A.B. asks: 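Quick one: this structure, given as structure tokens, is what I'll be asking you about.
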There are 2 protein chains.
Amino acid sequence: MKPTVHDIAKSAGVSLATVDRVLNDRPGVRAVTRSKVEEAIAALGYVRDLAAANLAKGRTYSFVFILPENDNSFMIGLHEEVRGAIARSSAERTHIRIIDVPPFDPDALVDALEKVLAEKPSGVAFVAIDAPEVRAAVGRLKEAGIPTVTLVSDLPDASRDHYAGIDNIAAGRTAGSLMGRFLSGPFLAERGATVAVLAGSMLVRDHRERLEGFSSVIGESYPNVLILPVLEGRDDPALAETVVADALRRHADIAGIYSLGAGNRGLIRAVQKAGMSRRPLVIAHELTASTRAALAEGVIDAVLNQDAGHEVRSAIRVLKAKADGLPVIAGQERIRIDIFLKDNLP
Amino acid sequence: MKPTVHDIAKSAGVSLATVDRVLNDRPGVRAVTRSKVEEAIAALGYVRDLAAANLAKGRTYSFVFILPENDNSFMIGLHEEVRGAIARSSAERTHIRIIDVPPFDPDALVDALEKVLAEKPSGVAFVAIDAPEVRAAVGRLKEAGIPTVTLVSDLPDASRDHYAGIDNIAAGRTAGSLMGRFLSGPFLAERGATVAVLAGSMLVRDHRERLEGFSSVIGESYPNVLILPVLEGRDDPALAETVVADALRRHADIAGIYSLGAGNRGLIRAVQKAGMSRRPLVIAHELTASTRAALAEGVIDAVLNQDAGHEVRSAIRVLKAKADGLPVIAGQERIRIDIFLKDNLP
DNA sequence: CTGTTAGCGCGTTCAC
DNA sequence: GTGAACGCGCTAACAG
């Protein structure tokens, strides 16, 4: 039988209340008594039953997700995953709330973080914007003892407790590797090839990192590949279509396109309309309805993906663990860079 | 406040015991009373607190994992993951036990399943062998109301409740696609290329399925690629080395190797020793210490992987859910076909 | 058929 | 400082 507080009390010759004070290290216990209890705990190999403890405390975890009200498919999917978690949370003793903030707006994010701080929830998850004010706000949360998790986009050197997202440099490198290898045959040979990169904005950290990874692999391993100046589509389908169409017109020799941001609907349309004799090789991020269809049709050749559902569930698990002062299972919380070809679509 | 059994009892004008009988649909309640209670439950939107219920019941889930005592890295890793789960399970009210069985031995597996059936655990996970006796044994477990999950290798048309593993046909197709695209440049062009396939044994279903997927993609999309007769290495490094070395000697033009089973240490040695002017393109399964090193060094070009940790955790979650009659989160239980290049190694 | 009562393992008053 | 007693939400005896 697993030892309980009763066993400890008996073994240490004290009462339940004293054991409890030691367990939750509350004041009002003499050092001698305390160590007696601690010995008993160690000797019996006691592990506290968290479920029973939470029941007795009537504890309920309250988590807040701060999400940008972006209207690209990925962010919409992320919202949905959080809503799914909310729907399920009735069964677990967990309350989750979403706060929407305007995208790419550090001040709005800081405002939201401040409001959250006042509520003193059990934990906060948010899509970070890489700005000093944001880091300062996170610091205040940490001081208040509120666990924080960054979601999708990280806040380096900050005091967040965990990052639930992919390694964007590695993602960019992976894209570069695939691009280089896939191009090797039909285009590269001896002549070299030209590649376009479509980003949302170079102001966002994850986009910068992906570009960095991509460029470095191309530079190291595929010197015959020329990368054109980055196109910025602001994660907006309409704008993306325009800039891609324009680029395809001006550079008839574009052999590949790496889309490292969102707004892929526009990219897909531009490629389809271009009606080139030989389609460029396209590698994009995030598996959505449109990228999935394009992959199946052969308009896109590979999709790198981060599993939003995994990110949300992971954030919740980590926040709960941090709130309880428990360790996490590292392997379970590592967000993979999924690579999808048309052959391994889920 | 979340409604409790007390609220229902009051609202329905009955006692706690009656509410409990209805909730766990136990006999001894008049239909009228029952429906009164059910109405109250629906009206109040009651959801039972599983943690409290388990506490009261003193319930502890007991799960059994039946694993082949194979000594390849993947199976060893799988064992480790289960042991990790066992280590963690002290905190949760869960008991997990491992039964080792000789590999590729249907009778031994059936024996183990029978023994397990006698114990009446809360659930069973096992690496299936595709044989009628095994299916029959699983049927008996189902009749006894014991949830079953197949692990890594499935049992089609059987009454297992869930399969925690990858889609091996899709994995084979993915390998085929990568092989075709990666080869397109340096070799294929117009001349065509020769590819070798190394399997463990064609008697195992997952190996057969991978080959099937691989061959069909090559056949459909890369008619210039010639697949040599399958080499069987019995998942044994020494034998694998022999057969691969032999194949490389006899076919100087081998441009690619797809290793769809285990024993990759041997394959890697053979390729390294061959000292060919131009190394064949190698795609293998399962990320282990040796395949990881080979990937980093460029001896292997891509590794398809199934996350053993995910499979084990998923199996446990599913077994628990089935034992409680609860639904699972489909997205969380889908085992991905991970693709690793040297750039996205975890 | 139905209700009463005593716990499950733990946290929290209150007295002592 | 320390201990006894009650309750969290639920189940499991045992009465009636």
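Quick note: numbers below take in every heavy atom, side chains included, and nothing from hydrogens, waters or symmetry partners. First the proteins, then the strands, lettered A, B, ... as listed; each starts at 1. Please read all numbers here as calculations on a predicted model, not as lab measurements.
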A.B. asks: So, OP1 or OP2 of D:dT2: does either fall under 4.0 Å of a side-chain N or O from A:T18?
C.D. replies: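 Indeed not, no polar side-chain atom of A:T18 lies that close.
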A.B. asks: Nearest 0.5 angstrom please: B:I99 CD1 to B:E119 CD, how far?
C.D. replies: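 Going from the CD1 atom of B:I99 to the CD atom of B:E119 covers 6.0 Å.
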A.B. asks: Which residue in the set B:R59, B:R317, B:K57 passes salt bridge (Lys or Arg N to Asp or Glu O under 4.0 Å) when paired with B:D324?
C.D. replies: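 The passing option is B:R59.
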A.B. asks: Is the backbone N or O of A:T94 less than 3.5 Å from a side-chain atom of A:S89, with the two atoms forming a donor-acceptor pair by type?
C.D. replies: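 Yes, because the side chain of A:S89 sits within donor-acceptor range (under 3.5 Å) of the backbone of A:T94.
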A.B. asks: Which atom names give the shortest non-hydrogen contact between A:T148 and A:S159, and what distance separates them?
C.D. replies: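 So the minimum-distance heavy-atom pair works out to OG1-O, 4.0 Å.
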A.B. asks: Using a 4.0 Å cut-off on heavy atoms, which residues in residues 28-41 of chain B reach DNA chain D? List them by number, or say none.
C.D. replies: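 Contacting residues: none.
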A.B. asks: Got a second to check how far B:E69's CD is from B:I98's CD1, nearest 0.5 Å?
C.D. replies: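 The CD1 atom of B:I98 is 11.5 Å from CD of B:E69, to the nearest 0.5 Å.
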A.B. asks: Taking the side chain from B:D307 and the backbone from B:G309, do they hold a donor-acceptor pair closer than 3.5 Å?
C.D. replies: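 Yes, B:D307 side chain to B:G309 backbone: donor-acceptor pair under 3.5 Å.
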A.B. asks: Please classify the nucleic acid contact of B:V19 as base, sugar-phosphate, or nothing, using heavy-atom distances under 4.0 Å.
C.D. replies: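 Here B:V19 touches no strand at all.
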A.B. asks: In the 5'-to-3' direction, what one-character label does each nucleotide of nucleotides 8-16 of chain C receive under the scheme B = base within less than 4.0 Å of a protein heavy atom, S = sugar-phosphate only, - = no such atom?
C.D. replies: BBBBB----
A.B. asks: Tell me, yes or no, whether the heavy-atom count around A:K2 atom NZ, taken from other residues, nucleotides or ligands under 6.0 Å, exceeds 12.
C.D. replies: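 Result for NZ/A:K2: enclosed.
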A.B. asks: Does a salt bridge link A:R26 with A:D20, judged by any charged N lying under 4.0 Å from a carboxylate O?
C.D. replies: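 Salt bridge: yes.
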A.B. asks: Do any N or O atoms from the side chain of B:S62 and from the backbone of B:S122 form a donor-acceptor pair under 3.5 angstrom?
C.D. replies: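 A pair under 3.5 Å: yes.
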A.B. asks: Could you state the interatomic distance from OG1 (A:T150) to NE2 (A:H162), rounded to the nearest 0.5 Å?
C.D. replies: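 So the OG1 of A:T150 and the NE2 of A:H162 are separated by 7.5 Å.
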A.B. asks: Over the length of the helix from C:dC1-D:dG16 to C:dC16-D:dG1, how much do the five-pair end axes diverge, rounded to 10 degrees?
C.D. replies: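 Inter-axis angle at the termini of the helix from C:dC1-D:dG16 to C:dC16-D:dG1: 50°.
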